[in-house]
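Right, one structure below, let's go through it.
Bear in mind the structure is a predicted one, so any value in this text is a computation, not a measurement.
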Amino acid sequence: MSDLVVREATRADLPAVLALVAADAIREIAEDVGHAGEPAPGYVAAYEEISSDPNALLLVGVLDGEVVATCQVNFLRHLMYHGGLVGQVESVRTATGLRGRGLGTALMRWVLAECRRRGAVRLQLTSNAARVDAHRFYERLGFVASHVGMKRYLGEDA
């Protein structure tokens, strides 16, 4: 097990979070995440909205004072499971050079514990079909590929 410390991200963590996400991105469009350590304005506004939402968590995993992992969790109330709460985890990332050391597992176990603490009945995620290693990782944590996820990009050219 790792010595990873999981906590909510601060505004100061935002450049590191964006770097982790950008380093391992599979997206419909290229994104400019910012320059010289300062995030693009849209990311700052998104961070502020996420951090003020009681049903959203932007998390970082810190090892030896450095942000080395991240994910976002949103809690959604469903009209299933007797109105149960569902956790949705996205943008799970671990620094490329540190994979295989249990950091992602520690982060996801923290997320699972938080979902249970909040009374969630399920934790769900989507993962790009090309991320075969990530799928094996999630399966080792007990996730089951039970549904087919579909997305539609709604940007300017859609």
Leu123 side chain reached by Phe143 side chain, heavy atoms, under 4.5 Å
yes

Using a 4.5 Å cut-off on heavy atoms from C-beta on, say whether the side chain of Leu76 contacts that of Asn55.
no

Closest non-hydrogen atom pair between Met108 and Leu125, with its separation:
CE-CD2, 4.5 Å

Are Cys71 and Val111 side-chain neighbours, meaning at least one heavy-atom pair lies under 4.5 Å?
yes

Tightest non-hydrogen contact, residues Leu4 and Gly61, listed as CD1-C, 3.5 Å

Shared ILVMFWY cluster between Leu79 and Tyr81, side chains joined below 4.5 angstrom?
no

Minimum-distance pair of heavy atoms, taken over all atoms of Trp110 and Leu59
CZ3-CD1, 3.4 Å

Separation between CZ (Arg122) and NE2 (His78), nearest 0.5 Å, reads 6.0 Å

Pairwise distance CG(Leu14) to CG(Leu58) - rounded to 0.5 angstrom
7.5 Å

What's the spacing between Leu20 CG and Thr96 OG1 if we round to 0.5 Å?
8.0 Å

Does the distance from a Lys or Arg side-chain N to an Asp or Glu carboxylate O, for Glu139 and Arg136, drop under 4.0 Å?
no

Residues Arg7, Asp13: salt bridge by 4.0 Å N-O rule
yes

Minimum side-chain heavy-atom gap Leu63-Leu103 below 4.5 Å
yes

Within 45° of the axis and under 6.0 Å from the centre of the six-membered ring of Phe75, does NZ or CZ of Arg118 qualify?
yes

Between the side chains of Ser51 and Glu8, is a donor N or O closer than 3.5 angstrom to an acceptor N or O?
no

Distance check, rounded to the nearest 0.5 Å: Asn74 atom CG versus Gln72 atom CD?
4.5 Å

Check whether Leu18 and Ile50 end up in the same hydrophobic cluster, where Ile, Leu, Val, Met, Phe, Trp and Tyr are linked by side-chain heavy atoms less than 4.5 Å apart.
yes

Would you check if Phe137 and Leu141 make a side-chain contact, meaning some heavy-atom pair closer than 4.5 Å?
yes

Under-4.0 Å salt bridge between Glu38 and Arg11
yes

Please examine the side chains of Val62 and Glu66, heavy atoms only from C-beta on, and report whether any two atoms are closer than 4.5 Å.
no

What's the separation between atom NE2 in His135 and atom CZ in Arg140, rounded to the nearest 0.5 Å?
12.5 Å

Can you list the steps and then say if Val60 with Val6 is a side chain to side chain contact (heavy atoms under 4.5 Å, CB included)?
CA-CA 6 Å; Val60 291; Val6 178; over 6 Å; no

Is there a side-chain contact between Val73 and Gln88 (heavy atoms, below 4.5 Å)?
no

Taking all non-hydrogen atoms of both residues, which atom of Ala120 and which atom of Gly87 are closest, and how far apart?
CB-N, 4.3 Å

Closest non-hydrogen atoms of Thr70 and Leu107, given as atom of the first, atom of the second and distance, are O-CD2, 3.5 Å

Side chains of Val144 and Tyr138 in contact at under 4.5 Å (non-hydrogen atoms)
no

Closest non-hydrogen atom pair, Ala134 against Ser127:
CB-OG, 4.1 Å

